[in-house]
Engineer: 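Quick one: the structure is below, questions incoming.
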Amino acid sequence: MIPRRLVVIGLIFAVLAAVPLYGADYYTGLATKIMIFGLAALGLDALVGIGGMISFGHAAFFGIGAYVAGLFGKSGIDEGLIVWPTAIAVAALFGAVIGSLSLRTRGAAFIMITLAFAQMLFFIAASLPALGTSDGIGLPHRNSLAGHSLGRAVDFHYVVLLLLAGALALTDFLARTPFGRAVDGIRQNEPRMGALGYNPTIYQLACFIFGAAVTGLAGALVANLSLFAAPDNLHWMTSGTLLVIVILGGVGSLFGSVLGAAVLIVLEEVLAEVTDHWMMILGPVLIAVVLFGGNGLAGFLLRRPHGRTS
Amino acid sequence: MAALLEVRGLCKTFGALAVNQSVDLTVEANQIHALIGPNGAGKTTFLAQLAGDIRPDAGTILFDGTDITGLPAHRRAHLGIARSYQVARLFPDSTVHDNVALAVQACSRWARSVGRAAAGIGELNEPVAALLERVELAHRSRIPAGILAHGERRKLELAMALASRPRLLLLDEPLAGMGVEESQATVALLDRLRRDAAILLVEHDVQAVFALADRMSVLVFGKVLASGDPPTVRRNPEVQRAYLATSGEVPPC
């Protein structure tokens, strides 16, 4: 029998793949946005859910990815095969620096120091003329892929779909390797893992860099979607949004990030038409999911008739 | 011959409470050194300082001639110090097998384990099975560690401590919560372990201590009251007053 988790993941991707077949470009764009935020939150879930590191500054890497795409766009380079790997590499590099400094702390101090780094980057981006100050950097057009234009919303949608599926499969795979199990063990009981001979900081740093790289790719893609790299991508509210998506989807479930992004973005679209104060409705929904969903939407979907999730 | 472990003047205070006051202790290679003392004497705190979980306020710890006082826990583990905990600290949701696998894997280089495929975990099966066989837990390997009986958890702790092929084992009450038969089997196992490693044994079971120990030290209120071979320590009048008598055990003479 196919595990329930794989069935759920299969259904999610089937729905995402079907959207352009039945919907107008508007809906395709919405689904693409869901996948990009799902990808960004996936990088954060690797940190929070597997590594146990609650970062409140993960938008830093989202913004870095976006600005890499923006700067390439400004200088006339629009090949995705150049732009995207560069975005991943630069985000990973920043992840290595920010991670190695932040991981000198744990708990609340870790949350605050990651937030501080992200806000620092936000103010740099918002004030440096080379980065367009508060206007950000516009992209003249979308990146191409191996010379093929991704100007049509449908083409871009499927490329994002493949990248998301690949990132999810890779994260899932890494979580099952000895490396992933060690990171998971450190989250559960750090002193115990130290006594066994694991250097907790090295493992957590590797996990931090991985999460930064995944979110960096999402950043490059979001700049492609909106044709714009904005300081907002780096702002702490974006960090908060990513955390909300992870919690809504189910911490540590990985695929739940896509569900969380779907619910958040669809609710935002629908409710924003009804009222400007849509957050007043979103708040109670979020509380309900956290209180009654077990572990977010993923926990709800994977719940067995009697009790525990798998 | 230099001692495997040499502790000099180890001090640790928590607030106003002096938990260890200038503790000196040596453990020779391939010997079982028992550390006894009443509850609250500072035995567990002492072990935690040797393992690297707690930093001492003063004093030095030499392992095989190297000063390890400032080393983090994981470096000490790589040098050959392993530890079992008084309260079993397992990964309750993982199976018994996976708990031991995590311990075995700790000895391999981390960089190599990153690239190893999920299938590669299978490579650990053989050493894991051997360790579980050794502590007589092989029949429980597929169940979650969280539902093990108390005595079985201690055995699992022991298997995880042995995974790194340590030269020094720090065992905090390995017999606590075991039935008579389990306890005898574990005493026999510890006796055999002497060939591979030195053991610093904190244990309340006086019979087991006298059966196993090559040397023993008595810790009372954070100070070493007496140290030496078991018959000598047993005859020490101060020890009899401070510890052996109060615990209700009259030492067999």
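Naming: A, B, ... by sequence-line order, numbering from 1 per chain.
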Engineer: Measure Ala51(B) against the heavy atoms of chain A and call it side chain, backbone, both or neither at under 4.5 Å.
Structural biologist: neither
Engineer: Any side-chain to backbone donor/acceptor pair from Tyr198(A) onto Ala103(B)? Under 3.5 Å, distance only.
Structural biologist: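 Between the backbone of Ala103(B) and the side chain of Tyr198(A) there is no qualifying donor-acceptor contact (under 3.5 Å).
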Engineer: Measure across Leu102(B) and Gly185(A) and return the closest heavy-atom pair with its distance rounded to 0.1 Å.
Structural biologist: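 Result for this residue pair: CD2-CA, 4.4 Å.
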Engineer: Does atom CZ (Arg194(B)) have a neighbourhood of more than 12 heavy atoms from anything else shown, all under 6.0 Å?
Structural biologist: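 More than 12 within 6.0 Å, yes.
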Engineer: Mind checking whether His74(B) and Met193(A) have side chains closer than 4.5 Å, heavy atoms only?
Structural biologist: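 No, too far: nothing below the 4.5 Å cut-off.
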Engineer: More than 12 heavy atoms of other residues, nucleotides or ligands under 6.0 Å from CD1 of Ile54(A): is that the case?
Structural biologist: no
Engineer: What are the two closest non-hydrogen atoms of Ala182(A) and Gln105(B), and how far apart are they?
Structural biologist: CB-NE2, 3.9 Å
Engineer: Please say whether more than 12 non-hydrogen atoms of neighbouring residues, nucleotides or ligands are located less than 6.0 Å from CZ in Arg165(B).
Structural biologist: no
Engineer: How close do Gly197(A) and Ala77(B) get, counting heavy atoms only, and between which atoms?
Structural biologist: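 Residues Gly197(A) and Ala77(B), closest heavy atoms: CA-CB, 3.4 Å.
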Engineer: Hey, which of Asp184(A), Asn199(A), Asn189(A), Leu196(A) has the most heavy atom pairs under 4.5 Å with chain B?
Structural biologist: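 Going by pairs under 4.5 Å, I would pick Asn199(A).
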Engineer: Under 6.0 Å from the CZ atom of Phe94(A), do we count more than 12 heavy atoms belonging to anything else shown?
Structural biologist: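 Count not over threshold, so no.
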